[in-house]
Amino acid sequence: MNDEEYGSEFQEKSKYIRGNLTGRGLDWSNKSKIYKIYPNSSKTALRKPIPEKIEKSITITEIFEQRRSVRVFQEKPIELDQISYLLWASTGIQRIIGNTAFRTTPSAGALYPIETYLFINNCEQLDHGIYHYNIKDHALEQITEGNFSNSIAKAALDQRMFSLAPIIFAWTAIFQRSKWKYYQRAYRYIYLDAGHIAAHLSLAAVELGLGSCQVAAFYDNEINDLLDIDGKEESVLYLSVVGILK
Ligand SMILES: Cc1cc2nc3c(=O)[nH]c(=O)nc-3n(C[C@H](O)[C@H](O)[C@H](O)COP(=O)(O)O)c2cc1C
């Protein structure tokens, strides 16, 4: 960490100021692809989110009352249907209008810069390993096999909950998807998009009777290396651990 004022400078420089908006046109030939896919990975189809899987009926008000950061979990597996629901609720496709597949969470300009990866440490229907969420097909793509709970705990400043959680969400951004339209101001929107997704995850976890904690303290490039992404075009922004309440 250093004391350079790059954050304040960014905040100041990325302000919209009346009279200064240039209204540049969009270069449609250079629009980024909205979906990342791993074509050679082994793929697990997820079932459509099924509300009857939700153990108890709970109102949104009760969910707001119960949401809190949970950092200790039972050493029990998470179910594949629960994972499916959490993925759908946080960033799944919800409706299609024309050529746009809109999602459960808002995104500036519907450009959807956030990708979702999972570290699966305890799920009977899935091998241990690192997975990518294929949003278009509502499926999981396995990137690497193995138990990464210790590596991710280390990368997340040795926070113990990472060793206990059956599943860890990692959200990255593919910056160019948003910069194509919003240039440097895109960074504001990208972080806001990630916040929406994490908020939905935290609420959906309560709905399923699970616990979660959102985490931004980690060594970025150690997580990027685990995910095999370059940390420049695509880099990690945010993590969440999810597990079974004690
Ligand atoms: C952006 C962000 C980053 C956070 N990072 C961490 C973290 O690295 N470790 C942790 O234990 N909790 C983390 N938290 C959880 C907060 O500590 C927690 O939300 C706060 O103490 C309020 O408690 P509550 O969530 O139980 O209401 C983070 C929360 C947010 C929103």
Can you tell me if [X] uses its side chain to pair, donor with acceptor, with the backbone of [Y] under 3.5 Å?
| X | Y | result |
| --- | --- | --- |
| Arg95 | Ile93 | no |
| Glu124 | Leu80 | no |
| His196 | Pro106 | no |
| Ser14 | Gln184 | no |
| Asn134 | Lys136 | yes |
| Ser90 | Leu86 | yes |
| Asn221 | Asn224 | no |
| Asn121 | Leu164 | no |
| Thr104 | Trp88 | yes |
| Asp193 | Ala108 | yes |

Of the non-hydrogen atoms in [X] and [Y], which two are nearest, and what is the gap between them?
| X | Y | result |
| --- | --- | --- |
| Arg103 | Tyr35 | NH2-CE2, 3.5 Å |
| Ile130 | Phe148 | CG1-CD1, 3.7 Å |
| Ile190 | Ile114 | O-CD1, 3.7 Å |

Could you verify whether a donor N or O on one side chain and an acceptor N or O on the other, from [X] and [Y], lie under 3.5 Å apart?
| X | Y | answer |
| --- | --- | --- |
| Ser8 | Glu5 | yes |
| Tyr219 | Lys154 | no |
| Glu79 | Gln125 | yes |
| Gln82 | Ser84 | no |

Item to check | Parallel, tilted or perpendicular: rings of Tyr133 and His138 (30°, 60°) | outcome: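 Correct class here is perpendicular.
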Next on the checklist: Before you tell me yes or no, could you show the steps for Lys36 and His132 under side chain to side chain contact (heavy atoms under 4.5 Å, CB included), namely the whole-Å CA-CA distance, both residues' side-chain angles and the distance that decides it to 0.1 Å?
Outcome noted: CA-CA 9 Å; Lys36 181 176 189 182; His132 171 256; 4.0 Å; yes
Side-chain touch [X]/[Y], heavy atoms, less than 4.5 angstrom:
| X | Y | answer |
| --- | --- | --- |
| Phe119 | His128 | no |
| Trp171 | Val236 | no |
| Phe162 | Val215 | yes |
| Lys33 | Ile174 | no |

What distance do [X] atom [atom1] and [Y] atom [atom2] have between them, rounded to the nearest 0.5 Å?
| X | Y | atom1 | atom2 | value |
| --- | --- | --- | --- | --- |
| Thr59 | Phe64 | OG1 | CZ | 9.0 Å |
| Ser151 | Ile223 | OG | CD1 | 9.5 Å |
| Trp180 | Ser32 | CH2 | OG | 8.5 Å |
| Ser212 | Gln214 | OG | CD | 4.0 Å |
| Asn147 | Ile120 | CG | CD1 | 11.0 Å |
| Ile63 | Glu65 | CD1 | CD | 10.5 Å |

Item to check | Distance flag, aromatic centroids of Tyr117 and Phe169, threshold under 6.0 Å | outcome: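 Centroid distance Phe169-Tyr117: not below 6.0 Å, so no.
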Looking at [X], I want to see if its [atom1] is surrounded by more than 12 non-hydrogen atoms of other residues, nucleotides or ligands under 6.0 Å.
| X | atom1 | answer |
| --- | --- | --- |
| Lys31 | NZ | yes |
| Glu75 | CD | no |
| Tyr38 | OH | yes |
| Asp228 | CG | no |

Next on the checklist: Using salt bridge (charged side-chain N to carboxylate O under 4.0 Å, His left out), reason through Glu115 and Arg177 one step at a time and then give a plain yes or no.
Outcome noted: CA-CA 11 Å; Glu115 292 292 322; Arg177 284 192 194 144; 2.6 Å; yes
Next on the checklist: Could you walk me through whether Glu234 and Thr172 satisfy the side-chain hydrogen bond (donor to acceptor under 3.5 Å, both in side chains) test, starting with their C-alpha distance in whole Å, then the side-chain angles of each, then the deciding distance to 0.1 Å, before giving a yes or no?
Outcome noted: CA-CA 6 Å; Glu234 180 177 4; Thr172 68; 2.6 Å; yes
Item to check | Worked check of side chain to side chain contact (heavy atoms under 4.5 Å, CB included) between Lys181 and Leu26 | outcome: CA-CA 7 Å; Lys181 181 169 184 184; Leu26 294 174; 3.8 Å; yes
